Amino acid sequence: MVIEVVVLTGAGISAESGLATFRGDDGLWENHRVEDVATPEAFVRDPELVQRFYNQRRQQLLNPEIAPNPAHVALAELQRAKPGKVFIVTQNIDDLHERAGAEVRHMHGELLNIRCMACVQIQRTSHDVDETTQCSYCGVQGQMRPDIVWFGEMPYFMGEIEHALAQAEQFVAIGTSGLVYPAAGFVAQAKDYGARCVEINLEPTAVSSIFDQGYYGAASEEVPRWVETLL
Ligand code: OAD
């Protein structure tokens, strides 16, 4: 099956669901330093602080008020309408795409996954994690970390993403600031491979000039509008 559309999503698609973005007013990186909570060095230095940060994010995600919005739903519909032809990659660690019914690749990991540093197995969790948490595979205690790709670590699925970008007729970036690589470089790659590139965001971003077209407004309105053009 040849992939027709590659969709890249970022924190902006989940903003209207009630999850803070990273760089917006009152965004996560306004209130926390990346170097304190989102690097392997931070975890070595102060594991408790890092676990607390992700425990809070996880509990917030599991709050019953947090739900997918029309942007997540429209992408799931697009994927259903074109089986095997819509590849969605997200930088988000929430599970709102899945809750809307889409299949996505989480290049920065998942908040509901934790990884054992002793046996490297990944397990699902909805609970807080600390130094007493035991790996359900190898039984070792105190070696569980969030399965999040931190700054300085290699994102997941890079081979698969590259393969999809090479095939796509259309690439769309939704709700991402275009400041964090390698994701910020996907538009240039897609363009080199011949895809038409569309940006959907509240406002133009650091990489807007590379896109062929922009839909500027709230994702909950602009994503369904863009999806309609494909169906
Ligand atoms: P950012 O916080 O950098 O950017 C969010 C983008 O969403 C901005 O360009 C906003 O304009 C846009 N936005 C906000 N609300 C929107 C809405 N309702 N509709 C449409 N667009 C909206 O988030 P990301 O680009 O996802 O990585 O950040 C990339 C990575 O940096 C994250 O995955 C995370 C972070 O550090 C790690 O933690 C490894």
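Worth saying up front: this structure is predicted, and the values here are computed from it rather than measured. Just so you know, ligand 1 is whichever comes first in the structure, and atom 1 is the first atom listed for that ligand. Note that the numbering runs from 1 along the sequence shown for the chain.
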On the ring face of Tyr54, is Arg52 found with NZ or CZ under 6.0 Å from the centre and within 45° of the axis? no
Is [X] in contact with ligand 1, taking contact as a heavy-atom separation below 4.0 Å?
X: Ser220; value: no
X: Ala218; value: yes
X: Leu202; value: yes

What protein heavy atom sits nearest [atom], and how far away is it?
atom: atom 30 (C) of ligand 1; value: Val180 CG2, 3.8 Å
atom: atom 9 (O) of ligand 1; value: Asn201 ND2, 3.0 Å
atom: atom 17 (C) of ligand 1; value: Gly12 O, 3.4 Å
atom: atom 26 (O) of ligand 1; value: Ala11 N, 2.8 Å
atom: atom 27 (O) of ligand 1; value: His108 ND1, 3.5 Å
atom: atom 36 (O) of ligand 1; value: Trp29 NE1, 2.8 Å
atom: atom 19 (N) of ligand 1; value: Ala219 N, 2.8 Å
atom: atom 31 (O) of ligand 1; value: Arg23 NH1, 3.1 Å

Close N or O approach ([X], ligand 1; < 3.5 Å):
X: Gly178; answer: no
X: Thr176; answer: yes
X: Trp150; answer: no
X: Glu16; answer: yes
X: Phe22; answer: yes

[X], portion touching ligand 1 at heavy-atom distance under 4.0 Å:
X: Phe151; value: side chain
X: Val149; value: backbone
X: Gln91; value: both

Atom pair [atom1]/[atom2] of [X] and [Y] - distance to nearest 0.5 Å:
X: Arg58; Y: Gln51; atom1: CZ; atom2: CD; result: 7.5 Å
X: His72; Y: Ile13; atom1: NE2; atom2: CD1; result: 4.5 Å
X: Arg57; Y: Asp94; atom1: CZ; atom2: CG; result: 12.0 Å
X: Tyr193; Y: Phe186; atom1: OH; atom2: CZ; result: 11.5 Å

Ligand-residue contact atoms, ligand 1 with [X], heavy atoms, under 4.0 Å:
X: Gly10; result: 26 (O)
X: Gly217; result: 19 (N), 20 (C)
X: Ala15; result: 15 (N)

Is there a donor-acceptor pair closer than 3.5 Å between any side-chain N or O of [X] and the backbone N or O of [Y]?
X: Asp147; Y: Gly109; result: no
X: Ser208; Y: Thr205; result: yes
X: Gln79; Y: Val86; result: yes

Before accepting this row, confirm whether a basic side-chain N of the pair [X]/[Y] lies closer than 4.0 Å to the acidic partner's carboxylate O.
X: Glu228; Y: Arg225; value: no
X: Arg196; Y: Glu169; value: no
X: Arg145; Y: Glu153; value: yes

Would you sort out whether Gln91 and Thr176 count as a side chain to side chain donor-acceptor pair (under 3.5 Å), showing the intermediate values? CA-CA 9 Å; Gln91 299 166 88; Thr176 177; 2.9 Å; yes
Candidates Gly175, Ser17, Ser177; heavy atom nearest atom 3 (O) of ligand 1 found on Ser177
Are Phe53 and His32 close enough that their ring centres sit under 6.0 Å apart? yes
Can you confirm whether the side chains of Gln170 and Trp226 place a donor and an acceptor under 3.5 Å from each other? yes
